[in-house]
Amino acid sequence: MRIILDCDPGHDDAFALLLAAASKEIELLGVTTVVGNSYLENTTRNARTVLDLFDIDLPVFAGCDKPLLRNTVVAPNIHGSSGLDGADLPSAKRPIEKLHAVEFMAQTLERYSDVTLVPTGPLTNIALFMLRYPHLVKRIKEIVLMGGGIAFGNVTPAAEFNIFADPEAAKIVFKSGVPIVMAPLDLTHQVIVTDKEVNRMRQMGEKFNLLADLLIFFKSTYKKVFGIEGVPLHDPCTVMYLLHPELFEAKDYYVDVETKGELTYGQTVVDLWHSSGRSPNAKVLLKADKERFFNIFFEKLQNLKEV
Ligand code: RIB
Ligand code: CA
């Protein structure tokens, strides 16, 4: 399957990127970056650094450096000031493509009619693409996104970071009519990286040792900020769904995004009881088989070459 990964690396974005690149079932056409976990300059550098680490031949297209309407929010308390703190990674060498991420999406969707968009950061690039190229929206096969929460948020009690960082963009995407698969916090918090997974990563080789260092940092910020032992591997849930949808339980719900609430700005409002009378617009992932998830995760990462 053909995908574009739109990301804000970001520790978990980095693993989503590596999982996609390591999976022969996926034709990763390109990587687009957006402001989110860190400023665009950082998320774009981080995406290039991760690809360079394993000599993965893929173009990186920088996208939006600010949300559609709201002020810019970043998450140094979780991902560090670089957006990918915690490991002594070689500096990025590959160039940033000249084409803007949104233009790359347009050219790709003009060429192929079976592309899945996989956003693992704020939905700014996706929404801007939809606004700029409305005639190409129907050519998007599916959007498989990490974002939102049913019962809780992580930036505010109501809002999850990717949505909170650009609620207006998220609303456009959820109202677009494109088939959506949503991996909310309620799902991603079932796929927790513990010391067991860090040690398993460390044993895979020198480069994986650096990845283990990234996980240690990511775990430390979750302990500090949320008091959680272990860290949810949010973004790879999107790629794992594409590879093995049978690992997940899901239900179709109507989902909308709050863009006016004082306490609820950026909340994904999931209509669990169909009380809105609106037809479902998203397949919401509810449960994951953690054991099988990590077995497949590590099995796939073995395909990455130690260059
Ligand atoms: O709330 C978790 C999401 O926000 C993940 O995508 C993480 O990378 C951050 O972007
Ligand atoms: Ca992310």
Side-chain angles (χ1 to χ4, degrees), residues 3-20 31-40 42-47 49-50 60 63-65 67 70 72-86 101 117-126 143-167 169-170 173 181-193 211 214-215 217-219 221-222 225-226 228 230-241 257 265-268 284-285 288:
I3 78 166
I4 294 175
L5 184 71
D6 184 64
C7 55
D8 62 333
H11 291 71
D12 51 330
D13 301 76
F15 287 101
L17 182 49
L18 291 172
L19 178 60
V31 180
T32 54
T33 58
V34 67
V35 58
N37 285 321
S38 195
Y39 298 104
L40 180 68
N42 290 339
T43 59
T44 307
R45 183 194 62 246
N46 296 336
T49 299
V50 170
V60 176
C64 296
D65 63 358
R70 65 156 296 155
T72 300
V73 283
V74 289
N77 59 330
I78 301 294
H79 298 275
S81 56
S82 75
L84 198 63
D85 281 15
L117 301 182
V118 182
T120 61
L123 294 164
T124 315
N125 287 343
I126 313 292
I143 294 174
V144 181
L145 65 90
M146 191 279 140
I150 301 170
F152 58 94
N154 58 3
V155 185
T156 73
E160 176 278 328
F161 178 81
N162 286 341
I163 309 298
F164 182 75
D166 198 337
V173 173
V181 176
M182 169 184 172
L185 293 175
D186 317 69
L187 185 275
T188 63
H189 276 246
Q190 297 171 37
V191 185
I192 299 284
V193 169
L211 299 184
L214 289 176
L215 288 175
F217 177 86
F218 197 21
K219 276 172 85 259
T221 60
Y222 259 72
V225 173
F226 299 104
I228 296 177
V231 61
L233 207 52
H234 303 288
D235 295 337
C237 289
T238 57
V239 177
M240 190 60 78
Y241 171 79
V257 179
Y265 184 57
Q267 179 178 11
T268 47
V284 180
L285 304 185

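Whatever order the structure lists them in is the order used to number ligands and atoms, beginning at 1. We number each residue from 1, following the sequence as shown.
- In terms of modelled atom types and a separation under 3.5 Å, the side chain of Asp12 and the main chain of Pro232 share no donor-acceptor contact.
- At least one donor-acceptor pair under 3.5 Å links the side chain of His11 to the backbone N or O of Asp85.
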Decide yes or no on side chain to side chain contact (heavy atoms under 4.5 Å, CB included) for Thr33 and Leu40, but give the supporting numbers first. CA-CA 7 Å; Thr33 58; Leu40 180 68; 3.7 Å; yes

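- For a distance threshold of 3.0 Å, the protein N, O or S atoms nearer than that to the Ca ion (ligand 2), listed by chain and number, are Asp8 OD1, Asp13 OD1, Asp13 OD2, Thr120 O, Asp235 OD2.
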Between ligand 1 and the protein, which N/O pairs are shorter than 3.5 Å?
from     : atom 1 : to     : atom 2 : distance (Å)
ligand 1 : 1 (O)  : Asn154 : ND2    : 2.8
ligand 1 : 1 (O)  : Glu160 : OE2    : 2.5
ligand 1 : 4 (O)  : Asn162 : OD1    : 3.2
ligand 1 : 6 (O)  : Thr120 : O      : 2.9
ligand 1 : 6 (O)  : Asn162 : ND2    : 3.0
ligand 1 : 6 (O)  : Asp235 : OD1    : 2.6
ligand 1 : 6 (O)  : Asp235 : OD2    : 3.1
ligand 1 : 8 (O)  : Asp12  : OD1    : 2.6
ligand 1 : 8 (O)  : Asp12  : OD2    : 3.1
ligand 1 : 8 (O)  : Asp13  : OD1    : 2.9
ligand 1 : 8 (O)  : Asn37  : ND2    : 3.0
ligand 1 : 8 (O)  : Asp235 : OD2    : 3.1
ligand 1 : 10 (O) : Asp8   : OD1    : 3.4
ligand 1 : 10 (O) : Asp8   : OD2    : 3.0
ligand 1 : 10 (O) : Asn37  : OD1    : 3.1
ligand 1 : 10 (O) : Asn37  : ND2    : 3.2
ligand 1 : 10 (O) : Asn162 : OD1    : 2.8

Would Met182 and Ile143 count as a side chain to side chain contact (heavy atoms under 4.5 Å, CB included) here? Give the steps. CA-CA 8 Å; Met182 169 184 172; Ile143 294 174; over 6 Å; no

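- A 6.0 Å sphere centred on OH of Tyr39 holds no more than 12 heavy atoms belonging to other residues, nucleotides or ligands.
- With Glu160 contributing its side chain and Gly149 its backbone, the two residues share no donor-acceptor pair below 3.5 Å.
- With no hydrogens or angles considered, a side-chain donor-acceptor pair links Asp6 and Thr32 at under 3.5 Å.
- Relative ring orientation between Tyr222 and Phe226 is described as tilted, the plane-to-plane angle lying within the 30° to 60° band.
- Ring centroids of Phe217 and His79 are separated by 6.0 Å or more, keeping the two rings apart.
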